[in-house]
Q: 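Got a structure here, written out as structure tokens. Questions coming.
Note on naming: letters A, B, ... go to the chains in the order of the sequence lines (proteins, then strands), and numbering restarts at 1 for each one.
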Amino acid sequence: MKETPLSNCERVFLLKSIEQKKRLDGRQTYDYRDIKITFGTDYGCCTVSLGKTRVLAQVSCELVPPKDSRPTEGLMFFNLELSPMASPSFQSNRQSELLVTLNRQLERCLRNSRCIDTESLCVISGEKVWQIRVDVHVLNHDGNLMDAASVAAISALCHFRRPEVAIQGRDITVFSPEERDPVPLSVYHMPICVSFAFFQQGTYLLVDPCEKEELVMDGLLVIAMNKHREICSIQSSGGIMLLKDQVLRCSKIASVKVSEITELITKALENDRRVRKEGGKFGFAESIAKERITVLTREEAPLEVTDVQATADEIISKADAPPKTVPSPVIVANGTGQVGEGLQNTWGLEEDDEEEEMSDVTEREKKKDEVMVISDSEEEEVVILNQDDQSKRS
Amino acid sequence: MAGLELLSDQGYRLDGRKATELRKVQARMGVFGQADGSAYMEQGNTKALAVVYGPHEVRGSRSKSLHDRAVINCQYSMATFSTAERKRRPHGDRKSSEMSLHLKQTFEAAVLTQLYPRSQIDIYVKILQSDGGNYSACVNAATLALVDAGIPMRDYVCACTAGFVEDTPLADLCHAEESGGGTTLSLALLPRSENIALVQMDARLHQDHLPALMEAAAVACKGLSKVLDSVVRQHLQEVSVQTRE
């Protein structure tokens with residue numbers, strides 16, 4: 001299926017709002033969406049959700065003969081896949097432009113920056129080395145796949161452990177995890193991509209564009225950095241004109257974002273390690289909240305909260321004082337409550353329901369209070385008007 | 001490769017150049033009769049051939065045509081004999097499709113595509129010999145070919161690479177310098193407005209060194225633009241003399 005084009009009014013709306021420094025999801029210009037990193041039960045498996053974008057990375061390894069040109073270095077292989085599951089515009093088994101750019105960017109970000117010590121992956125020089133394969137699958141596409149993919153890939157690489165090997169002469173013994181503890185890869189640094197979207201010929205810039213923003217953007221600049229403020233790759237795309245200062249400014253923003261994300265990854269790794277050590281439950285299944293309706297849930301709409309206090313104060317000052325006599329709840333039996341005048345509750349109450357009932361009652365109480373205030377003021381207004389009328393008539 | 005000294009104490013590089021010195025640039029325009037525009041470019045030992053067809057009607061599926069501007073179609077390929085090891089696939093692998101994409105994006109930014117709605121411009125580039133800076137040689141060759149075809153552009157697009165060794169930026173890297181694993185920055189610049197049409201960087205570089213590296217690349221690009229300009233002028237002179245006769 002071809003990608004549904006964005007309607008003109010949507011496009012104009014988006015661009016107008018970007019001009020006013022506003023974004024659809026209520027973020028600021030340089031804000032990232034929420035990043036969540038979870039690890040699977042196996043080593044080297046990791047999902048990253050960046051807002052609604054979800055990406056899964058899986059690292060695996062195998063013993064292969066090395067390249068002739070570099071007999072003592074292990075191999076790194078990256079493969080990113082856009083499954084049609086993630087977005088209807090993705091077609092399987094097709095080399096789309098997006099796929100090529102994402103794959104190459106991932107390769108350049110992680111392989112060319114030499115973040116993994118490939119020499120430590122050598123088993124017998126010139127004969128057997130480890131090939132580390134990183135498969136990244138896009139599960140849901142809501143913009144900024146590159147950043148999500150790079151975070152997922154590097155987290156998975158940090159999490160991964162390869163089997164221990166022993167060499168006797170020419171024989172290689174690969175130990176299963178039960179026999180000997182698997183060894184982690186030696187990761188020198190963690191490069192993370194940060195994407196900048198440019199609008200209106202480079203006048204406006206946004207960090208972490210969502211899918212809609214990606215549809216209206218003019219061009220993209222991806223900067224990969226690590227927390228030591230070293231730039232691992234820069235790539236501009238989309239046929240825009242940039243100025244040198246813009247690139248330098250973006251690199252400064254990227255360094256801040258990268259240090260934040262790196263901290264998040266280390267925290268997530270630390271968490272996982274602790275839970276594994278303590279023998280607690282871990283893995284994807286544990287990270288998903290159970291018995292929750294996810295289909296019809298609606299995210300909280302972002303609200304403008306800049307002048308809430310002022311508005312609230314204004315309303316309170318205008319409103320009438322709350323009534324001094326609040327009906328006290330009548331307690332009929334243990335664990336029951338009643339507000340106002342109603343019939344006595346004759347329902348048989350079970351002990352299990354106690355807590356719920358209690359909270360219900362308190363909620364009801366609150367609601368009644370609010371209702372009473374509103375109705376009171378209305379009634380009074382009506383009364384005053386009538387009085388006026390009457391006084392005029394008389 | 002660790003033993004290779006990229007910059008000697010006297011400030012000379014592997015091939016005897018100074019840090020900011022470019023390799024010898026030679027170029028010719030109008031090398032093919034059939035094409036609308038063509039050019040041959042040599043930057044040191046890197047040799048590239050570019051051919052431009054168009055603007056013409058959109059070929060293939062009509063759905064690709066754009067109502068407000070021209071489509072630019074690029075194909076990058078490397079001759080099988082261009083590298084030390086014989087290449088199996090001249091085009092179609094990940095690296096060359098990425099390169100095609102980058103060339104396309106570069107020229108979408110530089111060519112005044114809105115003058116030719118519903119049409120297509122084809123740019124075919126072939127690397128005959130690869131010795132570092134393939135992307136920049138391709139861009140420079142394609143620019144000359146576009147000029148030869150008479151397609152209006154905002155400015156010359158000049159591309160050059162720059163590297164960074166021991167706190168010194170090196171301009172226009174050769175293959176040995178590129179494959180050493182150091183930083184490589186490719187920059188496609190429109191020299192008059194100093195607009196960047198494409199920037200790409202590989203390998204690690206500290207943030208503080210970026211301004212110096214970009215400056216070095218920009219200076220190299222401007223130097224190249226002078227050479228390209230003289231090539232165009234010389235070509236025009238030759239052509240005008242021929243037509244007079």
Side-chain angles (χ1 to χ4, degrees), chain A residues 2 67-70 78-80 95-109 111-115 188-189 191 201-202 218-226 228-252 254-255 258, chain B residues 1 63 69 72 74 84-85 92-111 113 154-155 157 164 178-179 181-190 193-215 217-218 221:
Chain A
K2 224 180 165 184
K67 279 188 180 172
D68 295 335
S69 51
R70 289 163 200 257
F78 296 93
N79 185 38
L80 187 141
Q95 288 276 321
S96 65
E97 282 185 6
L98 180 70
L99 188 65
V100 172
T101 26
L102 288 174
N103 262 314
R104 281 290 296 155
Q105 179 63 28
L106 197 67
E107 259 178 33
R108 292 201 290 120
C109 165
R111 186 198 286 149
N112 296 6
S113 68
R114 308 196 174 184
C115 61
Y188 288 138
H189 61 102
Q201 271 73 49
D218 289 336
L220 193 70
L221 180 72
V222 182
I223 299 185
M225 279 181 99
N226 60 24
H228 312 297
R229 293 178 60 227
E230 284 169 326
I231 299 169
C232 301
S233 84
I234 299 180
Q235 179 65 58
S236 76
S237 57
I240 37 157
M241 293 293 179
L242 292 172
L243 289 171
K244 200 180 126 199
D245 294 343
Q246 282 174 316
V247 179
L248 297 180
R249 204 177 86 207
C250 287
S251 79
K252 279 185 191 128
S255 74
V258 163
Chain B
M1 278 301 197
S63 58
R69 61 199 150 94
I72 291 190
C74 275
E85 281 171 49
D93 58 334
R94 264 189 200 173
K95 265 188 192 169
S96 35
S97 41
E98 189 202 21
M99 191 72 99
S100 304
L101 203 62
H102 286 165
L103 286 171
K104 181 182 165 189
Q105 286 169 350
T106 312
F107 287 104
E108 269 174 359
V111 174
T113 46
R154 280 172 233 278
D155 196 355
V157 194
F164 205 79
E178 244 178 25
S179 58
T183 313
T184 312
L185 177 97
S186 312
L187 187 76
L189 193 77
L190 276 69
S193 56
E194 298 209 9
N195 274 328
I196 298 169
L198 191 113
V199 55
Q200 177 179 357
M201 201 188 83
D202 267 345
R204 269 188 288 169
L205 176 84
H206 197 272
Q207 199 187 357
D208 298 342
H209 297 315
L210 184 64
L213 184 64
M214 284 191 73
E215 186 58 44
C221 286

Q: Heavy-atom distances under 4.5 Å only: say whether B/Ser193 touches chain A with side chain, backbone, both or neither.
A: backbone
Q: Where on A/Leu242 is there a heavy atom nearer than 4.5 Å to chain B: the side chain, the backbone, both, or neither?
A: both
Q: First locate atom SG of A/Cys109, then atom CG of B/Asp202, and finally report the distance between them rounded to the nearest 0.5 Å.
A: 10.5 Å
Q: Quick one: does B/Glu194's side chain have a donor or acceptor within less than 3.5 Å of a partner on A/Lys244's backbone?
A: no
Q: Given A/Glu107 and B/Glu98, is the side-chain contact (heavy atoms from CB on, under 4.5 Å) satisfied, shown in steps?
A: CA-CA 12 Å; A/Glu107 259 178 33; B/Glu98 189 202 21; over 6 Å; no
Q: Identify which part of A/Asp218 has an atom lying under 4.5 Å from any heavy atom of chain B, answering side chain, backbone, both or neither.
A: neither
Q: Which bit of A/Ser251 comes within less than 4.5 Å of chain B, counting heavy atoms only: side chain, backbone, both or neither?
A: both
Q: Any side-chain heavy atom of B/Leu101 within less than 4.5 Å of one from A/Arg104?
A: no
Q: Would a 4.5 Å heavy-atom cut-off, applied to side chains only, mark B/Gln105 and A/Glu97 as touching?
A: no
Q: Sort B/Leu198 into side chain, backbone, both or neither according to what part of it lies under 4.5 angstrom from a heavy atom of chain A.
A: both
Q: Step by step, work out the side-chain contact (heavy atoms from CB on, under 4.5 Å) result for A/His228 and B/Arg204.
A: CA-CA 10 Å; A/His228 312 297; B/Arg204 269 188 288 169; 5.9 Å; no
Q: Give the member of B/Lys104, B/Arg94, B/Glu215 that has the highest number of heavy-atom pairs under 4.5 Å with chain A.
A: B/Arg94
Q: Which one of A/Asn112, A/Ile234, A/Ile223, A/Val247 satisfies the side chain to side chain contact (heavy atoms under 4.5 Å, CB included) criterion with B/Met201?
A: A/Ile234
Q: So which of B/Leu189, B/Leu205, B/Asp208 has the biggest tally of heavy-atom pairs under 4.5 Å with chain A?
A: B/Leu205
Q: What's the separation between atom CZ in A/Arg229 and atom CG in B/Leu210, rounded to the nearest 0.5 Å?
A: 11.0 Å
Q: Take A/Leu243 and B/Ile196 through the test side-chain contact (heavy atoms from CB on, under 4.5 Å) and record every step on the way to the result.
A: CA-CA 6 Å; A/Leu243 289 171; B/Ile196 298 169; over 6 Å; no
Q: Provide the closest heavy-atom pair for B/Ala197 versus A/Ser236 in the form atom of the first, atom of the second, distance.
A: O-OG, 4.1 Å
Q: Between B/Gln207 and A/Ile231, which heavy-atom pair has the shortest distance, and what is it?
A: CA-CD1, 4.0 Å
Q: Taking the side chain as every heavy atom from C-beta outward, state whether B/Val199 and A/Leu221 have any atom pair closer than 4.5 Å.
A: yes
Q: Which atoms of B/Ser97 are under 4.5 Å from chain A, going by heavy atoms: the side chain, the backbone, both sets, or neither?
A: both
Q: Counting only heavy atoms closer than 4.5 Å, note whether B/His102 contacts chain A via side chain, backbone, both or neither.
A: side chain
Q: Could you state the interatomic distance from NE2 (B/His206) to CD (A/Glu230), rounded to the nearest 0.5 Å?
A: 6.0 Å
Q: When only pairs under 4.5 Å are counted, which of B/Glu85, B/Lys95, B/Arg154 shares the most heavy-atom pairs with chain A?
A: B/Lys95
Q: Between chain B and each of A/Met225, A/His189, A/Lys252, count heavy-atom pairs under 4.5 Å; write down the option with the most.
A: A/His189
